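Below is one structure, written out as structure tokens, with a few remarks after it.
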Amino acid sequence: MTDYDVPADTEVLVEDSELPRRLKDEVYSTLEDRDPTPEETEEVVQAIEAKYRDTRVDPLDPVGTVSAQSIGEPGTQMTMNTFHYAGVAEIDVTQGLPRLIELVDARKEPDTPMMTVHLEDEYAQDREKAHEVVWNIESTKILQLGDVSTNVADMLVRVSLNEDTLMERWPTVSDPVEVAETIASTIESKLGVETIQQGLVIEFGPEQPSYRDLLQLVEDLSDIVFKGIEDISRVVIRKEETDNGEEFVLYTEGSDFGTVLGIEGVDASRTTCNNIHEIYRNLGVEAAREAIINETMNTLEEQGLDDVNVRHLMLVADIMTNEGTIESIGRHGISGSKDSVLARAAFEVTVNHLLDAAVHGEVDDLNGVTENVIVGKPIKLGTGDVDLRMSAGSKSAD
Amino acid sequence: MVDVSQHELVPDHTLLGDGDLEEVLEEYNIEKTDLPKIKRTDPALPDDATIGDVVRIERDSRTTDTAVVYRLVVE
């Protein structure tokens, strides 16, 4: 049964066709509006089916080559080396060709890691609540909390904390002195020194009076993360129109996908990041595949090259995730793991491949394209794979 | 730990029975090892999946409504 108001024979006709679900639905909704006669309906459905069969990939079509060209040509029009702020928030994101290269190379760490953090229910609606999450994500270091000064005469480092900042960054604690106590104990455990804390002032010094130790302490102090996630240096909060209506969305500079998913208030079903390896580690290979398609498509779209068919990008993502892990396109990934010696040698570092193959006594079965071009045989693609033979069979045709 | 299957990037993974598996292999005319792979440690895998199992993955496809693919659990 369909949800569309069409005659029963139309439905039988459409359901019997080879069309995919989405096209069938489109046929229904169009026929519903036009109300054609049964003969017209049949004609329309047949025409659509014929057109659909026509647009499918032919058997033995070299889809990989077509994809490579379809992504490569627009790639020549991309900006070679621009860094600028992407549409969202004031966060610097690598774009254009460098980003595309980084994706197909499957770099372990993108140049500019970032996350888009969606929030749950009341956290997404209430600015105060959203800020609570922000301070749990953004790393807080000592220089953001107050002033650090050194007293060389007494060999002491003196930290005077700013009350307003403490209250802002620890919204759930009402007493700033309580926060100062936690900060003091963090300093003690991280630096291994005794601290003297009075109100909002924390003082400590090296065990033995030493000018160098004193400076080293100040240096180490500025690296301690008192709250939030170390790798995330900045969080931008924005009110945005999404599928759930208006809500707060966080954009982060730096990423730590696994940790963020566990933070209270973070919507673990919509939050994403631009590091495909982090997605792979936390959500699995299928999610990584989706992420590769999304990221490559977005990169192309931002450059105004959105007429690249998504099927090409899907093919790239399929190949990259085929082995259950993320493999890069290129010598260290897909192209380097081809079965054929000649195909590998034709790609990059020819001599090494030939030498290794000779040492190991490898055999090339000449199944692929490259190796057959090299030896001058027809390739097994398109008409090259089809043999025609005369039928020696019946005499019925005289 | 976060429930991975709830994330919008993660499609449904279900274990495939032996009977269904044979049908699939027959339809594509391939061996089990020709299927794409998925690591046994993959976070999205059902808990009871072991090496040699085949999972059925139902994706929301960009080009058709849903696309069904299969992956062999390895290593």
Side-chain angles (χ1 to χ4, degrees), chain A residues 19-26 52 55-57 116 118 120 243 257-264 266-273 276 278-295 297 309-315 317-327, chain B residues 1-16 20-21 24-75:
Chain A
L19 301 177
R21 185 73 259 155
R22 211 171 268 182
L23 268 183
K24 280 180 185 167
D25 286 341
E26 221 164 296
Y52 168 69
T55 54
R56 288 196 298 196
V57 171
T116 308
H118 289 268
E120 268 174 337
D243 297 343
F257 194 48
T259 316
V260 163
L261 287 184
I263 288 178
E264 199 194 320
V266 171
D267 186 343
S269 69
R270 291 181 297 154
T271 296
T272 59
C273 78
I276 50 176
E278 274 190 334
I279 299 218
Y280 170 68
R281 274 196 300 278
N282 292 291
L283 298 177
V285 72
E286 278 291 322
R289 176 190 169 272
E290 290 290 316
I292 294 172
I293 302 173
N294 289 341
E295 290 288 330
M297 198 69 216
N309 197 299
V310 70
R311 273 160 256 251
H312 300 306
L313 305 172
M314 286 164 72
L315 181 71
D318 272 334
I319 295 298
M320 286 176 72
T321 56
N322 190 43
E323 290 301 313
T325 55
I326 299 176
E327 280 185 294
Chain B
M1 191 53 205
V2 195
D3 186 0
V4 166
S5 63
Q6 294 303 310
H7 200 281
E8 58 185 15
L9 286 176
V10 182
D12 277 345
H13 294 55
T14 46
L15 273 185
L16 196 67
D20 295 334
L21 172 61
V24 170
L25 295 182
E26 195 151 312
E27 187 191 340
Y28 293 107
N29 189 22
I30 51 170
E31 299 284 315
K32 195 162 87 169
T33 48
D34 294 335
L35 288 169
K37 315 290 189 297
I38 187 166
K39 295 278 184 214
R40 208 200 60 73
T41 47
D42 198 277
L45 215 53
D47 292 335
D48 46 347
T50 52
I51 294 169
D53 284 345
V54 172
V55 281
R56 177 181 193 274
I57 295 159
E58 203 174 325
R59 296 174 185 152
D60 281 336
S61 173
R62 288 172 175 73
T63 50
T64 80
D65 207 29
T66 54
V68 176
V69 292
Y70 303 90
R71 280 184 189 268
L72 174 68
V73 182
V74 290
E75 210 171 297

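Here is the naming used below: chain letters follow the sequence lines, and residue numbers restart at 1 for every chain. Predicted model only: the values in this text are computed from it and were never measured.
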So OG1 of A:T321 and CD1 of A:I293: to nearest 0.5 Å the spacing works out to 8.0 Å
Q. Judged by atom type as modelled, is there a donor-acceptor pair below 3.5 Å linking the side chain of B:H7 to the main-chain atoms of A:T271?
A. yes
Ranking A:G284, A:S269, A:A288, A:G324 by heavy-atom pairs under 4.5 Å to chain B gives rank one to A:S269
Ranked by heavy-atom pairs below 4.5 Å to chain B, first place among A:V285, A:I279, A:L283 goes to A:L283
From the list A:R281, A:R311, A:R270, the residue making the most non-hydrogen contacts under 4.5 Å with chain B is A:R270
The interface call for A:D267 against chain B, heavy-atom contacts under 4.5 Å, is neither
query = Is the closest side-chain heavy-atom distance between B:V55 and B:I38 below 4.5 Å?
reply = yes
Quiz item: With a 4.5 Å limit on heavy-atom distance, are the side chains of A:N282 and B:V4 in contact?
Solution: no
Cut-off 4.5 Å, heavy atoms of chain A, and the answer for B:I57 is side chain
Are any non-hydrogen side-chain atoms of B:L9 and A:N294 less than 4.5 angstrom apart?
yes
* Asked: Is there side-chain contact between A:E323 and B:K37, with heavy atoms separated by less than 4.5 Å?
  -> yes
To the nearest 0.5 Å, atom CG of B:L15 lies from atom CG of B:D48 at 5.0 Å
Given A:E290, A:E286, A:R289, the one with more heavy-atom pairs under 4.5 angstrom with chain B than any other is A:E286
Among B:H13, B:K39, B:Q6, B:R71, the residue with the most heavy-atom pairs under 4.5 Å to chain A is B:R71
Honestly, the part of B:V73 sitting under 4.5 Å from a heavy atom of chain A is neither
Applying a strict 4.5 Å limit to non-hydrogen atoms, the region of A:L23 in contact with chain B is neither
